[in-house]
Chemist: 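Below is one structure. I have some questions about it.
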2 protein chains.
Amino acid sequence: MDSCKTLSALPQAYKLFFNTLANDSRLKIINILRNKSKNVSEICKAAGFEQSLVSHNLKILEYHGMVFMEKKGKFRYYTVNKNTIQPLLELIDAHMKKYCCKILEGTR
Amino acid sequence: MDSCKTLSALPQAYKLFFNTLANDSRLKIINILRNKSKNVSEICKAAGFEQSLVSHNLKILEYHGMVFMEKKGKFRYYTVNKNTIQPLLELIDAHMKKYCCKILEGTR
DNA sequence: TAAATATATGAACCATTTTTCATATGAAAA
DNA sequence: TTTTCATATGAAAAATGGTTCATATATTTA
């Protein structure tokens with residue numbers, strides 16, 4: 001029996017999932033959206049990113065089910081997927097409390 | 001107040017965390033180790049990877065606290081971090097049930 | 001202590017991803 | 001119905017990361 005059917009069956013999907021989060025721009029966007037929905041211009045301003053960069057990355061996040069989009073007139077509001085992203089970040093917060101120092105060591 | 005102190009304070013650490021998992025070789029190794037500890041040669045055989053590739057990737061996984069290493073004579077046994085990796089994969093399993101098809105669509 | 005086995009590591013090459021730039025689309029306002 | 005504002009997108013340039021190859025280290029066995 002395989003105790004890990006999903007990962008072994010769908011390695012590519014798992015890779016894409018993690019890859020989507022392995023990016024400073026997208027993590028910053030997720031963090032900005034964590035509290036409330038925002039439209040593209042608001043995200044640009046909050047992040048200090050140019051609009052094209054934000055749109056490209058929102059597309060990737062949406063594609064992977066990590067944010068949802070809703071049109072309102074000429075604006076597009078984005079919301080984070082609270083079912084996945086919220087508990088995921090909490091899990092990693094806990095991991096970071098233990099291993100963060102070691103991890104950041106390698107970036108110097 | 002920042003409801004997401006950890007991510008906003010340590011974006012680089014979070015990026016590195018996800019980047020560590022955004023890799024086919026490392027995901028395969030994690031999956032192989034999910035049930036029981038194995039030494040490098042055993043992992044090579046199970047994965048069908050060459051030794052150098054396995055060692056490089058084990059180093060990265062260990063560095064980020066995702067696997068632990070224990071020396072036994074000339075062998076080195078690696079164990080997956082069950083506190084983080086296990087619940088993490090379960091969370092993503094659930095996410096995949098909903099969004100997997102859409103995600104994989106983009107790879108064709 | 002020489003040979004064999006197990007594992008680690010540095011550097012180079014290759015591949016993928018990100019960002020930027022220019023431009024297109026679409027909705028609202030003038 | 002032209003202009004303006006909001007957002008998306010394609011392609012190219014720039015940055016990043018992965019795998020391989022050759023070799024080093026460490027432990028055991030002969």
Side-chain angles (χ1 to χ4, degrees), chain A residues 11-30 32-33 37-64 66-79 103-108, chain B residues 11-30 32-33 37-64 66-79 103-108:
Chain A
Q12 191 61 16
Y14 277 67
K15 185 199 161 178
L16 291 169
F17 178 94
F18 288 119
N19 200 56
T20 299
L21 295 169
N23 178 280
D24 287 322
S25 306
R26 290 192 287 273
L27 284 174
K28 189 158 188 178
I29 291 171
I30 283 177
I32 286 168
L33 293 178
S37 299
K38 284 192 163 63
N39 65 45
V40 179
S41 304
E42 290 171 333
I43 298 169
C44 291
K45 198 182 171 190
F49 293 160
E50 69 164 342
Q51 179 266 317
S52 171
L53 176 61
V54 171
S55 284
H56 274 300
N57 283 309
L58 281 172
K59 190 182 181 185
I60 294 170
L61 287 169
E62 190 188 11
Y63 203 84
H64 291 82
M66 294 175 187
V67 304
F68 305 118
M69 189 269 280
E70 197 189 355
K71 291 187 188 179
K72 282 187 190 171
K74 61 177 173 180
F75 300 95
R76 292 184 178 205
Y77 281 82
Y78 286 86
T79 312
I103 291 171
L104 287 174
E105 221 173 72
T107 64
R108 284 178 219 137
Chain B
Q12 190 61 15
Y14 277 67
K15 184 202 161 176
L16 291 169
F17 178 94
F18 288 118
N19 200 58
T20 299
L21 294 169
N23 175 280
D24 287 322
S25 305
R26 290 192 286 274
L27 284 174
K28 189 157 187 179
I29 290 171
I30 283 177
I32 285 168
L33 293 177
S37 300
K38 286 194 163 61
N39 66 44
V40 179
S41 304
E42 289 171 334
I43 298 169
C44 290
K45 198 181 171 190
F49 293 160
E50 71 164 342
Q51 179 266 317
S52 172
L53 176 61
V54 171
S55 284
H56 274 299
N57 283 309
L58 281 172
K59 189 185 180 183
I60 294 170
L61 288 169
E62 190 189 10
Y63 203 85
H64 291 82
M66 294 175 185
V67 304
F68 305 118
M69 189 268 281
E70 195 189 355
K71 291 187 188 179
K72 282 187 190 172
K74 62 178 173 179
F75 300 96
R76 293 185 178 205
Y77 281 82
Y78 286 86
T79 312
I103 291 171
L104 287 175
E105 220 171 72
T107 65
R108 282 178 222 137

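In what follows, chains carry the letters A, B, and so on, assigned in the order in which the sequence lines appear, proteins first and then strands, with residues in each chain numbered from 1. Quantities reported herein were computed from a predicted structural model and do not represent experimental measurements.
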Chemist: Just to verify, what does B/Ser52 make a side-chain contact (heavy atoms from CB on, under 4.5 Å) with, not counting sequence neighbours?
Modeler: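 Testing B/Ser52 for side-chain contact (heavy atoms from CB on, under 4.5 Å), a comparison that skips the adjacent residues, returns B/Glu50, B/His56.
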Chemist: Answer with base, sugar-phosphate or nothing: what part of the nucleic acid does B/Ser55 contact at a heavy-atom distance below 4.0 Å?
Modeler: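 Base contact.
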Chemist: Would you compute the distance between atom OH of B/Tyr63 and atom CG of B/Leu58 and round it to the nearest 0.5 angstrom?
Modeler: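 The OH atom of B/Tyr63 sits 16.0 Å away from the CG atom of B/Leu58.
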Chemist: In this structure, how many angstroms lie between the P atom of D/dG18 and the CD1 atom of B/Ile29, rounded?
Modeler: 12 Å
Chemist: Considering every strand and a 4.0 Å limit on heavy-atom distances, what is the contact class for B/Tyr78: base, sugar-phosphate, or nothing?
Modeler: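 The answer is sugar-phosphate, as B/Tyr78 gets under 4.0 Å only of primed atoms, P, OP1 or OP2.
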Chemist: Atom CG of A/Leu21 to atom P of C/dT18: distance rounded to whole Å?
Modeler: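 Going from A/Leu21 (CG) to C/dT18 (P), I get 11 Å.
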Chemist: Could you pull out the closest heavy-atom pair between B/His64 and B/Phe17, with the gap in Å?
Modeler: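 Here B/His64 and B/Phe17 meet closest at CD2-N, 4.4 Å.
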Chemist: Between C/dT19 and A/Ser25, is there an OP1 or OP2 to side-chain N/O distance shorter than 4.0 Å?
Modeler: yes
Chemist: Between P on C/dT18 and NZ on A/Lys28, what's the gap in Å once rounded to a whole number?
Modeler: 17 Å
Chemist: Round to the nearest Å and state the distance from A/Leu16 atom CG to C/dT16 atom P.
Modeler: 13 Å
Chemist: Between the side chains of B/Arg26 and B/Asn57, is a donor N or O closer than 3.5 angstrom to an acceptor N or O?
Modeler: yes
Chemist: First locate atom OG1 of B/Thr79, then atom OH of B/Tyr77, and finally report the distance between them rounded to the nearest 0.5 Å.
Modeler: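 Between B/Thr79 OG1 and B/Tyr77 OH, I get 10.5 Å after rounding to 0.5 Å.
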Chemist: Tell me: OH of B/Tyr63 to P of D/dG17, nearest whole Å?
Modeler: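 Those two atoms, OH and P, are 14 Å apart.
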Chemist: Using atom CD of A/Glu42 as one end and atom P of D/dC5 as the other, report the distance to the nearest whole Å.
Modeler: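 It works out to 17 Å between those atoms.
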Chemist: Between the protein and nucleotides 20-22 of chain D, which nitrogen or oxygen pairs come in under 3.5 angstrom?
Modeler:
| from | atom 1 | to | atom 2 | distance (Å) |
| --- | --- | --- | --- | --- |
| D/dT20 | OP2 | B/Glu50 | OE2 | 3.4 |
| D/dT20 | O4 | B/His56 | NE2 | 3.2 |
| D/dC21 | N4 | B/Ser52 | OG | 2.6 |

Chemist: OP1 or OP2 of C/dT16 versus the side-chain N and O atoms of A/Asn19: is any pair under 4.0 Å?
Modeler: no
Chemist: For the atom pair CG (A/Asn23) and CZ (B/Phe18), what is the distance rounded to the nearest 0.5 Å?
Modeler: 11.5 Å
Chemist: Using the 3.5 Å cut-off, write out each protein N or O paired with an N or O of nucleotides 26-30 of chain D and the distance between them.
Modeler:
none

Chemist: May I ask you to test the B/Cys44-B/Val54 pair for a side-chain heavy-atom distance under 4.5 Å?
Modeler: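 Counting from C-beta outward, B/Cys44 and B/Val54 do come under 4.5 Å.
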Chemist: Looking at the side chain of B/Lys59, which of C/dT7, C/dT9, C/dA8 is the nearest nucleotide?
Modeler: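 So the nucleotide nearest the side chain must be C/dT9.
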Chemist: Return the value, rounded to whole Å, for the distance between atom CG of A/Leu61 and atom C1' of D/dA8.
Modeler: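 Spelled out: CG on A/Leu61 to C1' on D/dA8 is 15 Å.
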Chemist: When rounded to the nearest 0.5 angstrom, what distance separates CD in B/Glu42 from CG in B/Leu33?
Modeler: 10.0 Å
Chemist: Could you tell me how far apart B/Phe49 (CZ) and D/dG18 (P) are, to the nearest whole angstrom?
Modeler: 13 Å
Chemist: From the set D/dG18, C/dT7, C/dT18, return the single nucleotide nearest to any side-chain atom of B/Arg26.
Modeler: D/dG18
Chemist: Pick the nucleotide of DNA chain D nearest each of B/Asn57 and A/Met69; which residue has the one closer to the 5' end?
Modeler: A/Met69
Chemist: At under 4.0 Å, does any side-chain N or O of B/Asn23 touch on OP1 or OP2 of C/dT16?
Modeler: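 So the side-chain polar atoms of B/Asn23 never come under 4.0 Å of the phosphate oxygens OP1 or OP2 of C/dT16.
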Chemist: Working to the nearest 0.5 angstrom, can you tell me the gap between A/Ile30 CD1 and A/Ser25 OG?
Modeler: 11.0 Å
Chemist: Pairing check on D/dA24: which nucleotide meets the Watson-Crick or G-U wobble criteria with it, both distances under 3.5 Å?
Modeler: C/dT7
Chemist: Working to the nearest 0.5 angstrom, can you tell me the gap between B/Ser37 OG and B/Ile43 CD1?
Modeler: 9.0 Å
